[in-house]
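Reviewing the structure listed below.
Convention: sequence-line order gives letters A, B, ...; per-chain numbering from 1. Any value given below was found using the heavy atoms of this structure, including those in side chains, with hydrogens, waters and symmetry copies removed. Keep in mind it's a predicted model, so treat the numbers as computed, not measured.
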Amino acid sequence: MAAKFSTALDIHCNNIPYTLDSKLPLPHGGSSSRLSIKRFTVFCNNSKSQKPNLNLDLDLDSPRKATPSLSEQLKPLSNTILDDPPSQARILSKPKSTWVNPTRPKPSVLSLQRQKKSAYSYNPKVRDLKNFARRLNECHFSNEAFVAVLDDIPHEPARDNALLVLNSIRPWQKSVLFFNWIKTKNLFPLETIFYNVVMKSLRFGRQFQQIEELAFEMIDGGVELDNITYSTIITCAKRCNLFDKAVEWFERMYKTGLMPDEVTYSAVLDVYAQLGKVEEVMSLYERGRASGWTPDPVAFAVLAKVFGAAGDYDGIRFVLQEMKSLEVKPNVVVYNTLLEAMGKAGKPGLARSLFEEMMESGLSPDAKTLTALIKIYGKARWARDALELWERMKTNGWPMDFILYNTLLSMCADLGLEEEAETLFDDMRKSEHCRLDSWSYTAMLDIYGSVGNAEKAMALFEEMSEVGIELSVMGCTCLVQCFGRAKRIDDLVKVFESSVQRGVKPDDRLCGCLLSVVANCKGDDADKVLACLQQANPKLVTFIKLLEDESASYDIVKEEFRSILTNTSDDARRPFCNCLIDICRNRNRAERAHELLYLGTVYGLYPGLHTKTPEEWRLNVRALSVGAAQTAFEEWMRTLVKIVQSEETLPEVLSANTGAGTHKFSQGLANAFASHVEKLAAPFKQSEEKAGFFIASREDVVSWVQSQAAAATATA
DNA sequence: GTAGGGTTAG
């Protein structure tokens with residue numbers, strides 16, 4: 001038997017540098033070879049090792065990539081405008097070296113001269129005309145009412161007068177009415193500026209189709225489209241999510257021989273930024289640079305945004321370096337965007353120093369700056385920095401808005417600052433400057449949910465319905481978590497049912513929360529929660545039944561699990577797997593728990609579960625639920641037993657890291673882990689110096705294995 | 001919002 005399994009493992013462990021992986025123990029007497037492969041893979045870090053061909057990403061990413069690449073789109077441009085074929089986009093490198101022959105003119109993709117606006121001349125009738133415009137704005141929306149006011153125009157609608165009024169009119173419906181009225185009067189030819197002003201008004205109303213019709217009207221009537229026209233069209237398309245249209249109009253302007261200036265150019269840069277097309281943004285950027293363009297802060301804000309969205313720290317550094325070398329001073333917006341980007345790239349420390357740099361440069365933070373930082377500190381669980389910043393905000397009287405207030409509440413939820421949140425919530429309740437809204441209530445529900453204060457959560461839920469604030473899907477999730485922990489299952493069902501009736505669409509997080517309640521309760525209670533889950537995600541319920549079914553084969557479980565994960569959003573996959581493992585363990589399906597842990601590992605849900613240096617091997621269970629951590633630990637111990645038995649080399653130190661639970665409300669994975677270690681009588685001791693670490697020396701493990709073997713022999 | 005581009009919350 002043993003020989004058969006080591007053969008199976010040997011086949012799969014070619015090229016594996018670690019002996020551990022090839023010497024994993026046989027599970028449960030080794031009843032099948034696929035289980036032995038399973039054990040091998042859970043603790044194998046080598047990406048080249050054989051893995052079942054179940055790559056989820058292949059199934060998940062295919063629907064994207066509809067738009068052609070920028071290089072395809074700019075091909076006509078390169079034929080007509082560029083002297084040389086464009087160089088390959090070299091992300092994060094300077095474009096200066098592109099043009100080796102200085103005698104050749106640099107090909108240009110943008111005009112370095114920004115379009116000049118016509119000088120504003122003072123109109124002595126400004127007061128009368130503004131009053132007139134106000135009457136138009138305030139009059140009834142009907143055509144008749146509007147025309148009645150029009151007849152009352154205080155001065156003749158000559159060019160300057162008409163332009164002044166047109167500029168003051170809103171919303172877009174009335175701008176169009178007025179525009180058409182001066183058109184019928186036919187007192188003067190309608191120049192570009194008139195179209196531009198109406199288009200801007202239409203853009204506020206996101207009326208892309210009407211803007212496009214006006215543009216065609218200009219073309220037909222021989223009215224020139226200038227950079228302002230194009231940038232208005234492009235940004236309107238962007239705001240309407242019509243990105244193809246944005247690019248189409250950008251290309252059209254080249255075709256008509258008009259060169260974009262930097263405003264139009266950075267508007268297009270932002271089109272690609274919003275599509276998350278980093279390479280296209282960089283390509284445009286470098287072509288611009290090669291044309292001799294020194295980008296301004298707006299363009300850098302766009303670059304910062306695109307790298308932030310990608311969580312690309314190297315990109316963010318590039319933006320900073322590039323601004324430095326071009327001596328472009330970042331303004332508040334650029335700093336805000338960079339701070340956001342640092343947060344998304346997971347660099348709270350760098351965000352903090354960037355903020356200090358911003359202060360030193362003499363800029364003052366606005367509400368968005370502070371919102372970004374507070375959010376970063378909250379997510380990073382940097383309580384000291386968050387509270388310090390909050391104090392600074394108060395002492396300096398820095399600007400606040402309702403989003404910043406709500407972000408402070410969310411930060412309190414992240415850090416477990418219950419009292420601080422309650423004080424702030426009450427301040428907001430009394431304040432005239434801000435109002436409690438759905439976000440504020442949700443943040444409080446988050447806190448009460450985490451702390452398990454069902455009474456306060458219920459009171460808040462009732463208050464919400466009294467003041468007419470709808471429960472969001474996140475609020476519902478918090479309440480489900482809260483009532484689940486408090487074992488108030490009937491309240492949980494009530495909240496869930498009423499939310500669904502009121503139109504809340506359960507998402508994967510809510511399902512994950514229901515799932516964790518199922519994992520932690522029994523009998524009728526479990527059935528009640530399963531009935532909720534049945535409405536939210538019936539496939540998940542079917543899968544739970546499959547897990548309990550002893551006759552279901554591993555292959556079926558594998559396939560169904562794959563299908564579940566494929567249909568689950570990325571951030572909910574690991575929680576799903578954790579909960580499902582817990583469900584298995586709590587229902588005496590320990591073997592299934594091991595299978596799920598294996599599959600979870602294969603699908604990349606637990607990266608870095610096991611890390612090795614020559615001195616130390618470590619099991620990292622911080623991101624695991626209690627049951628999953630126990631399962632992983634059991635698996636690991638079996639591995640270690642096998643290694644000792646076959647007299648393979650072990651490192652000096654073996655450790656397991658549960659994390660210290662920096663969150664005040666954290667459920668104490670360390671405690672649960674400690675009692676499991678005790679139950680197994682494993683030789684791991686909780687470290688006194690390093691919180692959240694369990695440590696065993698090589699000697700501890702070896703002598704433990706030997707005593708276990710002796711005991712086993714004695715019993716036999 | 002005074003003819004055009006960039007930044008805030010689970």
Base, sugar-phosphate, or nothing: which does [X] touch, judged by heavy atoms less than 4.0 Å apart?
X         : answer
Ser266(A) : base
Phe300(A) : nothing
Ser472(A) : base
Ser410(A) : nothing
Val198(A) : nothing
Thr477(A) : nothing
Thr229(A) : nothing
Val333(A) : base
Phe204(A) : base

Output the rounded distance in Å from [atom1] ([X]) to [atom2] ([N]).
X         : N      : atom1 : atom2 : value
Phe132(A) : dT2(B) : CZ    : P     : 21 Å
Glu191(A) : dG4(B) : CD    : P     : 17 Å
Glu340(A) : dG6(B) : CD    : P     : 16 Å
Gln274(A) : dG6(B) : CD    : P     : 8 Å
Ile228(A) : dT2(B) : CD1   : P     : 13 Å
Asp261(A) : dG6(B) : CG    : P     : 14 Å
Tyr272(A) : dG6(B) : OH    : C1'   : 18 Å
Lys117(A) : dG1(B) : NZ    : P     : 14 Å

Given [options], the nucleotide with the shortest approach to the side chain of [X]:
X         : options                 : result
Lys238(A) : dG10(B), dG1(B), dG5(B) : dG5(B)
Trp439(A) : dT7(B), dA9(B), dG1(B)  : dA9(B)
Asp270(A) : dG1(B), dG5(B), dG6(B)  : dG6(B)
Ser168(A) : dG5(B), dT2(B), dA3(B)  : dT2(B)
Ile403(A) : dA9(B), dG5(B), dG10(B) : dA9(B)
Lys368(A) : dT8(B), dG6(B), dG4(B)  : dT8(B)
Ser201(A) : dT2(B), dA9(B), dG1(B)  : dG1(B)
Lys130(A) : dA3(B), dT2(B), dT7(B)  : dT2(B)
Lys375(A) : dG10(B), dG5(B), dG4(B) : dG10(B)
Asn227(A) : dG6(B), dG4(B), dG5(B)  : dG4(B)

NZ/Lys379(A) to CD1/Ile374(A) distance, rounded to the nearest 0.5 angstrom?
-> 11.5 Å
Gap in Å between the two C1' atoms, one belonging to dG5(B) and one to dG1(B), rounded | 15 Å
Span that lies between the P atom of dT2(B) and that of dG6(B), in whole angstrom | 14 Å
For Arg170(A) and for Gln115(A), find the nucleotide of DNA chain B with the closest heavy atom, then tell me which residue's nucleotide is more 5'.
-> Arg170(A)
Which sits closer to the 5' end of DNA chain B, Asn196(A) or Val302(A), going by the nucleotide each is nearest to?
-> Asn196(A)
Looking at [Y] and [X], is there a salt bridge between them, counting it only when a charged N and a carboxylate O are closer than 4.0 Å?
X         : Y         : answer
Lys174(A) : Glu138(A) : no
Arg573(A) : Asp508(A) : no
Lys368(A) : Asp401(A) : no

Phosphate OP1/OP2 of [N]: any [X] side-chain N/O under 4.0 Å:
X         : N      : value
Asn167(A) : dG1(B) : no
Lys305(A) : dT7(B) : yes
Arg114(A) : dA3(B) : no
Arg239(A) : dG4(B) : no

Counterpart residues, salt bridge (Lys or Arg N to Asp or Glu O under 4.0 Å), relative to Lys344(A) (two or more places apart) | Glu340(A)
Give the intermediate values and the outcome of ring pair (Phe, Tyr, Trp, His ring centres under 6.0 Å) for residues Phe243(A) and Tyr272(A).
-> CA-CA 8 Å; Phe243(A) 299 105; Tyr272(A) 286 100; 9.1 Å; no
Look at the side chain of [X] and the base of [N], then say whether one donor and one acceptor between them are separated by less than 3.5 Å.
X         : N      : result
Asn336(A) : dG6(B) : no
Thr337(A) : dT7(B) : no
Asp366(A) : dT8(B) : no
Asp226(A) : dG4(B) : no

Are Phe194(A) and Phe188(A) near enough that their ring centres are under 6.0 Å apart?
-> yes
Sorted by chain and number, sequence neighbours left out, side-chain hydrogen bond (donor to acceptor under 3.5 Å, both in side chains) with Tyr441(A) holds for Glu463(A)
